[in-house]
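One structure is given below, encoded as structure tokens.
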Amino acid sequence: MARHLITSALPYINGIKHLGNMVGSMLPADVYSRYLRQRDHDVLYICATDEHGTPAELAAKERGLPVDAFCAQAHDAQKAVYDGFALAFDYFGRSSSPQNVEITQHFARRLNENGFIEERAIRQVYSPADGRFLPDRYVEGTCPHCGYDKARGDQCENCTRVLDPTDLINPRSAISGSTDLEVRETKHLFLLQSKLQHEVEEWVSRHEADWPQLASSIARKWLTEGLHDRAITRDLDWGVPVPADTWPELAAEGKVFYVWFDAPIEYIGATKEWSDKDPENRDWKSWWYDVDTDVRYTEFMAKDNVPFHTVMFPATELGVREPWKKVDYVKAFNWLTYYGGKFSTSQKRGVFTDQALEILPADYWRYFLIANAPESDDSSFTWEHFTATVNKDLADTLGNFVNRVLSFSRKRFGEEVPAGGEPGGAEARLGGQIAELLAEYEAQMEALQFRKAAAALRALWSAGNSYLEEKAPWLEIKTDKDGAALTLRTAMNLIHLYAVVSEPFIPTASAAMRQAFALPDDSATWVTADEAKSLTAVPSGTPFTVPPVLFAKLTDEDLETYKERFGGEPE
């Protein structure tokens, strides 16, 4: 089987993420990883917290903590939420790790040796009160375009216009609040992306036809506009240090690499973190170095991250002139909005992942988000849509099927799967239908079409309900007890099949469905077409229990409570 390297965009360390962040990277990567593992592929799913950059320093300052202590606490807090969402990372690392420092500095040295890094003098805002140069985000002021008085020196969050610190009206230091600012000359390292333009274009041309249109169009737009040389160092106290053996003057000044230079390298760094935990059995280079024909590398990210992963990081990898693994497939997502507006961490708009888990178990969120993933266009989260989806798909179509089959069988036949007669025409038709729907589900999962995969899974669940309505065992038992027993045995086999194939979407409910049957050896990781047609994995005589309600229906009162807490009105 193929080896699959999977990464999702690194969540930034500054705060718990919202649902849009979850569905745009980590959750679909987890669903795909779980599916591939079930199909017996060798999978390595890597992610990490992105810990460098100005916002981390500012957040630590607000909390009154050293930045390293803040990042350690924030990493653990984020990891706890992701555990709550049942994200099955093989490793969840930290971009501040020694491994990332080592590899980032190696990349910088190699780029320099190959003539792709240049030291340049630039003019930058300096704060005498703070005794330091201020990175863009350390300068705040009034936006000249919309008048927002908390605009940052790189961008106005209110009107989204890109800014330069010198554009701001009444600029001030985000550290001390001082308005006594000067513009002074300082030196920084620049990655000469312009010299790599043609190589990146050739590389993108070889891959873009296989990528979703969203990813390929964004990459092509950046290339058409032309790659510009980009500063890759900053004046910060927290980051990967510029190595003194190569740039002693800049190292003495405390320069660190720009977060968007070291963050993608952390995919490699986190893999080395994983490997260093068990070096006798894990080899990080076997996933990343000189393995183009052996490993299929898939990245998951929202559209704002696409340029960095399809153009900037490939340029870095090409420039080091070493055989580092480059991405094969970029799964890009549009935005999930909240009632048509942006989720916002800073403005606390929308549902955040820790709040979601306070309200309902992870499976509710996992299914809804993937079934409505913003793949072809932006999609909108509303509480009305969420409630309707949970009630129809999870509570009625799946949960009610499981409960009524097992409860009715226990009431009429006891706590073992009944035997009944031989399968007939209805069972043959059902088996054929299930095999076809399973093939459709597999095809959509292989194609990374998550909404379509969710629709195919929902159709599998619906097929069980249609079969039950056709056979009506609650009536059948009055005239044909063996026939009713056959119907229930077949339906129980459907429950077991659902447990297996639904696991990538709803792992907790899937485990409960599987554990309902006391099979002596239940090691099935997937279901073949023949097994789907025969539906005999759970034989008669198998003890079973009725699990607790898998999915509770949400009420109008619940809906009003959610809306009151989080706001938002129907579009």
Side-chain angles (χ1 to χ4, degrees), residues 9 11-12 14-28 31 78 81-82 84-85 143 145-148 150-151 155-161 214 300-306 332-396 450-452 454-455 458 505-506 551-571:
Y12 195 67
N14 188 15
I16 299 298
K17 304 301 133 189
H18 53 65
L19 295 182
N21 183 280
M22 175 65 71
V23 74
S25 57
M26 290 174 286
L27 180 55
V31 170
Q78 287 200 27
V81 172
Y82 304 145
F85 267 85
C143 175
H145 303 287
C146 71
Y148 181 60
K150 294 183 176 62
Q155 187 177 34
C156 175
E157 187 180 67
N158 185 57
C159 70
T160 73
R161 296 286 286 271
L214 178 62
F300 290 79
M301 70 200 67
K303 58 186 175 183
D304 58 329
N305 284 325
V306 169
F333 291 85
N334 287 283
W335 300 127
L336 176 71
T337 66
Y338 185 76
Y339 284 94
K342 278 189 175 182
F343 283 83
S344 172
T345 301
S346 61
Q347 297 180 13
K348 302 298 181 184
R349 175 179 172 79
V351 186
F352 289 76
T353 48
D354 56 342
Q355 299 168 327
L357 294 177
E358 292 172 5
I359 298 169
L360 291 165
D363 280 358
Y364 290 72
W365 301 104
R366 289 177 62 101
Y367 176 78
F368 173 82
L369 290 171
I370 293 296
N372 298 280
E375 291 177 293
S376 58
D377 205 347
D378 291 351
S379 61
S380 178
F381 177 93
T382 71
W383 287 108
E384 290 79 6
H385 188 199
F386 176 74
T387 300
T389 300
V390 166
N391 288 348
K392 181 181 178 184
D393 295 355
L394 295 178
D396 288 344
F450 291 100
R451 293 180 74 146
K452 292 179 179 178
R458 183 167 56 244
F505 281 70
I506 48 172
F551 297 99
K553 293 195 75 167
L554 304 181
T555 66
D556 291 342
E557 184 178 348
D558 292 326
L559 173 61
E560 292 306 314
T561 298
Y562 301 150
K563 289 176 63 177
E564 182 177 351
R565 176 176 175 182
F566 296 98
E569 291 297 330
E571 294 176 285

Kindly write out the residues that satisfy side chain to side chain contact (heavy atoms under 4.5 Å, CB included) with R451, not counting sequence neighbours, or none if the list is empty.
->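 Once residues adjacent in sequence are excluded, the partners of R451 under the side chain to side chain contact (heavy atoms under 4.5 Å, CB included) criterion are N372, A373, E375, S379.
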Measuring from atom [atom1] of [X] to atom [atom2] of [Y], what distance do you get when rounded to the nearest 0.5 angstrom?
{"X": "R565", "Y": "Q355", "atom1": "CZ", "atom2": "CD", "value": "5.0 Å"}
{"X": "F85", "Y": "D354", "atom1": "CZ", "atom2": "CG", "value": "9.0 Å"}
{"X": "E384", "Y": "T389", "atom1": "CD", "atom2": "OG1", "value": "11.5 Å"}
{"X": "M301", "Y": "F333", "atom1": "CE", "atom2": "CZ", "value": "10.0 Å"}
{"X": "L559", "Y": "N391", "atom1": "CG", "atom2": "CG", "value": "10.0 Å"}
{"X": "L394", "Y": "D363", "atom1": "CG", "atom2": "CG", "value": "8.0 Å"}

[X] vs [Y] side-chain heavy atoms within contact, under 4.5 Å:
{"X": "P28", "Y": "I370", "value": "yes"}
{"X": "V351", "Y": "M22", "value": "no"}
{"X": "D393", "Y": "F368", "value": "no"}
{"X": "V306", "Y": "L214", "value": "no"}
{"X": "R458", "Y": "F505", "value": "no"}
{"X": "C156", "Y": "H145", "value": "no"}

Side-chain ([X]) to main-chain ([Y]) donor-acceptor, under 3.5 angstrom:
{"X": "D378", "Y": "W335", "result": "yes"}
{"X": "Y367", "Y": "V390", "result": "no"}
{"X": "R366", "Y": "L27", "result": "no"}
{"X": "Y364", "Y": "A552", "result": "yes"}
{"X": "Q78", "Y": "I16", "result": "no"}

Can you find a side-chain donor-acceptor pair between D558 and T561 that sits under 3.5 Å?
->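 Absent: no donor and acceptor within the cut-off.
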Would you find more than 12 non-hydrogen atoms of other residues, nucleotides or ligands less than 6.0 Å from E358 atom CD?
->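 Check passes, neighbour count above 12.
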Got a sec: does the NZ of K452 have more than 12 other heavy atoms crowding it under 6.0 Å?
->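 No, NZ of K452 has 12 or fewer neighbouring heavy atoms, counting only those of other groups under 6.0 Å.
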Looking only at heavy atoms, what is the nearest atom pair of [X] and [Y], with distance?
{"X": "P11", "Y": "K17", "result": "CB-CG, 4.1 Å"}
{"X": "C146", "Y": "N158", "result": "SG-ND2, 3.3 Å"}
{"X": "N305", "Y": "A9", "result": "ND2-CB, 3.5 Å"}
{"X": "S380", "Y": "G340", "result": "OG-N, 3.2 Å"}

Option among Y562, W365, Y339 that satisfies the ring pair (Phe, Tyr, Trp, His ring centres under 6.0 Å) test with F386 |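 The passing option is W365.
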Under a 4.0 Å N-O cut-off, is there an ion pair linking K553 with D396?
->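 Judged by the 4.0 Å cut-off on N to carboxylate O distance, K553 and D396 do form a salt bridge.
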List in chain and number order the residues that pass salt bridge (Lys or Arg N to Asp or Glu O under 4.0 Å) with K150, two or more places apart in sequence or in another chain; answer none if no residue qualifies.
->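 For K150 there are no salt bridge (Lys or Arg N to Asp or Glu O under 4.0 Å) partners, ignoring immediate neighbours.
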Dump the intermediate steps for side chain to side chain contact (heavy atoms under 4.5 Å, CB included) on F450 and V23, then the final yes or no.
-> CA-CA 11 Å; F450 291 100; V23 74; over 6 Å; no
What class does the angle between the rings of F381 and Y338 fall in, given that below 30° is parallel, 30 to 60° is tilted and above 60° is perpendicular?
->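 The arrangement is parallel - the two ring planes meet at less than 30°.
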